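Reviewing the structure listed below.
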Amino acid sequence: MTITGPDARPSAPGQAVVDAAMLVLERMGLTPADLLTAPQARPTAPTFAEYIPVVSALVSDGCRKAYGSYWNRVIEQWGSRRIDEPTPSEIRQLVQHVRANVVPRRNSRGGRSAAEHLIAALRCLYKHAEEDGLIDPAGNPARKVDKPRRLPSTRRAVADKRLAEINHAAAATGDDPELDTLLLRLHTETACRRGGALALRLSDLDPEQCLILLREKGETVRWQPVSPTLMAALLGHAAERHAPTDGQLLRYRNGRRITYRRYDHLWERLGRYLPWVRAQQISMHWIRHTTLTWVERNFGYAVAKAYAGHTDNGSDTGATATYVRATTYEVAAALAALTGEPHPLATQDRW
């Protein structure tokens, strides 16, 4: 009887056939294990011009903003090349080209930041290529190119007298001093980043508990205490400038949303009135340093870490940071001391 169902299979090969096959493999310098680990055929790799838009559509808005200009430079130089063609040496040559042609700025460090971002952008690109099976992880050229060593930041806390000068100049100059002073107070109280401020919505305000929801880089989200004065100012700003409930809160008088350009114009103007601001390239991130330094000196590292919105993923604090994580009530107490205003959460039992 002939079996024709799913269990039908040819009979096992005889020993003579097996011995012949082993002899052939031996003469070819191979083993049966080599056959199991033989590389599978990969699809033809796309060009940079074809693949970069694919990756750009997959990453977060923050990642796209950080790497977009560098991916554009890669397309300019290698747009028609397949992504599996460049070698580590060619990537290093591209890095040197970008460093040599970077737009000079007063706070430039020889294009080190541009080099670091270009390598990071390529690593992101090739990581997706690995996951899509377009390249072998061992053949990833971006992994073999080191980023330049990051130099210590020149930013530091701004002295109280200097901070008062900044606030006075912002209030006395410009076409929208109400907006500029609101920005400065928001960043001084919360130590938020620009992205967190620009992402703030009217629906992110909790007036009863004086909390705002900050969404910042790395897709982190946290409720940050603010003073009653700042909460009233944010609500008034939203009402006067017709901010939608689920739209961006910070706006110009005509209702148009502000962008990063407002920050650039603000500090450029302050630099014209305060030469030391221009000389040291003071920016809103210096305000973050100022607030967090004050909190750390007066309330300790754990509270400053929570105030900053840092996660427990860093390697510089060890596992202990997980057990001594500060609460929102402690952050509110630090804010109350910073602003001199009572906060509804700072008066509650913290333990």
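Reckoned from all heavy atoms, side chains included, excluding hydrogens, waters and symmetry mates. Just so you know, these numbers come straight off a predicted model, no measurement behind them.
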Run the salt-bridge test on [X] and [Y] with the 4.0 Å N-O cut-off and return the result as yes or no.
{"X": "Lys127", "Y": "Asp132", "answer": "no"}
{"X": "Glu240", "Y": "Arg251", "answer": "no"}
{"X": "Lys144", "Y": "Glu90", "answer": "no"}
{"X": "Arg262", "Y": "Asp176", "answer": "no"}
{"X": "Arg253", "Y": "Asp175", "answer": "no"}
{"X": "Asp264", "Y": "Arg269", "answer": "no"}

Exercise for review: List the steps and the verdict of salt bridge (charged side-chain N to carboxylate O under 4.0 Å, His left out) for Arg143 and Glu130.
Suggested key: CA-CA 12 Å; Arg143 290 178 182 268; Glu130 286 182 14; 2.8 Å; yes

So, the side chain of [X] versus the backbone of [Y]: is there a donor-acceptor pair under 3.5 Å, distance only?
{"X": "Tyr301", "Y": "Glu296", "answer": "no"}
{"X": "Arg325", "Y": "Ala306", "answer": "no"}
{"X": "His343", "Y": "Pro225", "answer": "no"}
{"X": "Arg257", "Y": "Leu250", "answer": "no"}
{"X": "Tyr260", "Y": "Leu198", "answer": "no"}
{"X": "Thr181", "Y": "Glu178", "answer": "yes"}

Practice item. Take Arg82 and Glu85, measure what salt bridge (charged side-chain N to carboxylate O under 4.0 Å, His left out) needs, and give me the verdict at the end. Key: CA-CA 6 Å; Arg82 296 199 316 270; Glu85 291 181 352; 3.4 Å; yes

Study note, to complete from the structure: All heavy atoms of Pro141 vs all of Thr87, minimum pair found to be CB-C, 4.1 Å

Point to revise | Test side-chain hydrogen bond (donor to acceptor under 3.5 Å, both in side chains) applied to Glu189 and Thr339, step by step | key: CA-CA 8 Å; Glu189 284 199 17; Thr339 62; 5.4 Å; no

Review point. How about Thr190 and Arg288: does a side-chain donor come under 3.5 Å of a side-chain acceptor?
Key: no

Practice item. Validate the cation-pi geometry between Arg81 and Trp78: distance from NZ or CZ to the six-membered ring centre under 6.0 Å, angle to the ring axis within 45°. Key: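 Cation-pi check for Arg81 and Trp78: passes.
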
Practice item. List the steps, then state whether salt bridge (charged side-chain N to carboxylate O under 4.0 Å, His left out) holds for Glu165 with Arg162. Key: CA-CA 5 Å; Glu165 292 178 12; Arg162 296 300 192 185; 3.2 Å; yes

Practice item. Output, in order, the C-alpha distance, side-chain angles, deciding distance and verdict of side-chain contact (heavy atoms from CB on, under 4.5 Å) for Leu213 and Arg222. Key: CA-CA 6 Å; Leu213 186 65; Arg222 73 181 187 279; over 6 Å; no

**Study point:** CG on Leu202 to CG on Leu234, rounded to 0.5 Å
**Key:** 9.5 Å

Practice item. Assign the ring pair His117 / Tyr70 to parallel, tilted or perpendicular, where the plane angle (0 to 90°) is split at 30° and 60°. Key: parallel

